[in-house]
Amino acid sequence: MSENLPACPKCSGEYTYEMDALMVCPECGHEWAPDGDGAGPAERVVKDAVGNVLSDGDTVTVVKALKVKGSPSGIKAGTKVRNIRLVDGVDGHDIDCKVDGFGPMQLKSSVVKKA
């Protein structure tokens with residue numbers, strides 16, 4: 001490994017490596033731009049359907065019934081989803097989660113509210 005790579009700004013891990021234009025820490029999974037201060041781009045604020053700010057680990061409630069491809073019933077309004085993770089998904093799906101009875105999936109923040 002190269003001795004001139006910076007330590008991870010999040011966990012101070014010393015085993016960082018370059019991947020394309022980013023630096024990556026294999027210990028905590030943090031990614032950042034090497035020319036920045038380690039914080040990466042400005043933190044993105046994700047809000048739910050009623051304007052509450054969401055963060056990783058929150059519990060949310062689905063506010064409207066959702067059709068799920070391959071499922072005859074779909075997700076009903078009022079279903080609680082625990083331990084969400086905010087991601088940069090495709091087509092506006094910015095919540096990564098596991099829904100009981102359906103498994104892992106991505107949801108849009110506009111169809112949930114913070115519980």
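Because only heavy atoms are used, hydrogens play no part in the values below, and waters and symmetry mates are left out as well, while side chains stay in.
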Considering only heavy atoms from C-beta outward, does the side chain of [X] approach that of [Y] to under 4.5 Å?
X	Y	result
L107	V112	yes
W32	C25	yes
V60	D48	no
E31	M19	yes
L66	V111	yes
F102	V68	yes

Subject >> Summary of side-chain hydrogen bond (donor to acceptor under 3.5 Å, both in side chains) pairs that have at least one residue in residues 93-108, sequence neighbours excluded >> reply: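 Output for this query lists R85-D96, D94-S109.
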
Original post:
Side-chain heavy atoms under 4.5 angstrom apart, residues restricted to Ile, Leu, Val, Met, Phe, Trp, Tyr: same cluster for M105 and V63?
Top reply: no

Original post:
At their closest point, which heavy atom of L86 faces which heavy atom of S55, and how far apart are they?
Top reply: CD1-CA, 3.8 Å

**OP:** State whether the side chain of T16 and the backbone N or O of P6 hold a donor-acceptor pair below 3.5 Å, judged by distance alone.
**Re:** yes

Which atom pairs, one a donor and one an acceptor, fall under 3.5 Å between side chains of residues 74-83 and the rest of the protein, sequence neighbours left out?
unit_1	atom_1	unit_2	atom_2	d
T79	OG1	K76	O	2.7

Subject >> Basic-acidic side-chain contact under 4.0 Å: D58, K114 >> reply: yes

Subject >> Criterion side-chain contact (heavy atoms from CB on, under 4.5 Å) on C8 and Y15, from CA distance to verdict >> reply: CA-CA 8 Å; C8 176; Y15 301 109; over 6 Å; no

Original post:
If you measure from SG on C11 to NE2 on H30, what distance do you get to the nearest 0.5 Å?
Top reply: 9.0 Å

